[in-house]
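Structure, as structure tokens:
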Amino acid sequence: MEQRQSPGGLTLEEVDVFARGLYYLASVDNHVDDREVKLIEEFLTETGSQLTLADLSQRQFSLYEAVQVLETGYMRRIFVKAAIALVYSDGVYSDEERRALGAVADVFGLSNTEFGDLEQEARRQGLQ
């Protein structure tokens, strides 16, 4: 059975997990900055999602669900790059954000080198 896709080319399940993951990372330091909100809202708009920030704040994010839903290395790298952009967007890269990103990278099976490469690529592309 074919899964419905968002206008952004992601399945609805991928959009849901992606958005919850971004919100989780934005809130892990107990402060969701306006710049983080803007990035999440842009993602929701571009994917045609009906989810709101209020929805995301009420729902849990599971790293293990993310591994199941974001199955390919490509999707996982896209998520990590977006996550890097998000945590850097407010100009503060907190210890909580660093640990949470590390946990994402670990669960996705990314080495320190691969994570560092994604971080550098995100910076080169101006995603921060």
Side-chain angles (χ1 to χ4, degrees):
M1 184 164 119
E2 190 174 319
Q3 291 191 13
R4 288 185 28 219
Q5 289 194 334
S6 73
L10 302 174
T11 67
L12 299 179
E13 189 177 25
E14 289 168 338
V15 169
D16 180 61
V17 167
F18 212 103
R20 284 187 286 128
L22 292 178
Y23 187 84
Y24 163 75
L25 289 165
S27 64
V28 75
D29 60 359
N30 295 315
H31 174 71
V32 181
D33 184 83
D34 290 342
R35 291 166 284 201
E36 293 169 325
V37 167
K38 182 180 177 202
L39 286 174
I40 295 168
E41 287 177 339
E42 284 175 6
F43 172 77
L44 294 172
T45 299
E46 288 175 10
T47 58
S49 177
Q50 299 300 308
L51 291 170
T52 66
L53 286 173
D55 296 333
L56 298 176
S57 71
Q58 298 300 312
R59 298 182 56 218
Q60 294 292 316
F61 171 71
S62 163
L63 288 172
Y64 301 103
E65 179 186 12
V67 167
Q68 297 294 316
V69 174
L70 305 177
E71 298 173 342
T72 66
Y74 174 77
M75 284 301 303
R76 292 174 182 179
R77 286 188 299 277
I78 293 296
F79 177 81
V80 170
K81 279 177 62 175
I84 290 167
L86 181 81
V87 300
Y88 278 107
S89 69
D90 64 359
V92 177
Y93 188 34
S94 70
D95 288 340
E96 295 90 348
E97 291 168 330
R98 186 175 289 109
R99 282 191 293 272
L101 272 177
V104 168
D106 287 346
V107 169
F108 282 173
L110 297 174
S111 69
N112 289 340
T113 301
E114 290 170 311
F115 180 79
D117 290 346
L118 288 172
E119 190 172 34
Q120 288 178 0
E121 189 176 332
R123 287 180 179 193
R124 275 194 309 272
Q125 292 177 350
L127 293 177
Q128 52 175 325

Quick one: do Glu14 and Thr47 satisfy side chain to side chain contact (heavy atoms under 4.5 Å, CB included)? Show the steps, please. CA-CA 10 Å; Glu14 289 168 338; Thr47 58; over 6 Å; no
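- Between Phe43 and Leu10 the shortest side-chain heavy-atom distance falls below 4.5 Å.
- Linking Ile, Leu, Val, Met, Phe, Trp and Tyr residues whenever their side-chain heavy atoms come within less than 4.5 Å leaves Ile84 and Val92 in two separate clusters.
- A 4.5 Å side-chain heavy-atom check between Arg76 and Val67 finds at least one atom pair inside the cut-off.
- Considering CD1 of Ile78 and CG of Leu70, their distance stands at 10.5 Å, rounded to 0.5 Å.
- Atom-to-atom distance recorded for Asp33:CG and Arg35:CZ is 4.0 Å, nearest 0.5 angstrom.
- A salt bridge links Arg20 with Glu65; the closest basic N to acidic carboxylate O contact falls under 4.0 Å.
- In this structure, OH on Tyr23 lies 11.0 Å from CG on Leu86, to the nearest 0.5 angstrom.
- Residues Leu25 and Glu97 are not in side-chain contact: their nearest non-hydrogen atoms beyond the backbone lie 4.5 Å or more apart.
- Here CG of Asp106 is found 10.0 Å from OG of Ser111. Values are rounded to the nearest 0.5 Å.
- Distance check, rounded to the nearest 0.5 Å: CZ of Arg77 to OG1 of Thr72 gives 7.5 Å.
- The local environment of CD in Gln50 is sparse, with at most 12 non-hydrogen atoms from other residues, nucleotides or ligands closer than 6.0 Å.
- Hydrophobic clustering places Met75 together with Val107 (ILVMFWY residues linked when any side-chain heavy atoms are closer than 4.5 Å, directly or through intermediates).
- No side-chain heavy atom of Leu22 sits under 4.5 Å from any side-chain heavy atom of Leu39.
- Interatomic distance, Leu56 CG to Phe61 CZ, rounded to the nearest 0.5 Å: 11.5 Å.
- Between the side chains of Glu96 and Ser94, at least one donor N or O sits under 3.5 Å from an acceptor N or O.
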Derivation and outcome, side chain to side chain contact (heavy atoms under 4.5 Å, CB included), residues Arg59 and Asp16: CA-CA 10 Å; Arg59 298 182 56 218; Asp16 180 61; 2.6 Å; yes
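- The aromatic rings of Phe79 and Phe18 lie perpendicular to each other, with more than 60° between the two planes, well past the 30° mark.
- Across all non-hydrogen atoms, the minimal contact from Ala26 to Ile40 is CB-CD1, 4.1 Å.
- Of the possible polar contacts, none joining the Asp117 side chain to the Glu114 backbone as a donor-acceptor pair under 3.5 Å is found.
- In this structure, the side chains of Tyr88 and Glu119 come closer than 4.5 Å at one or more pairs of heavy atoms.
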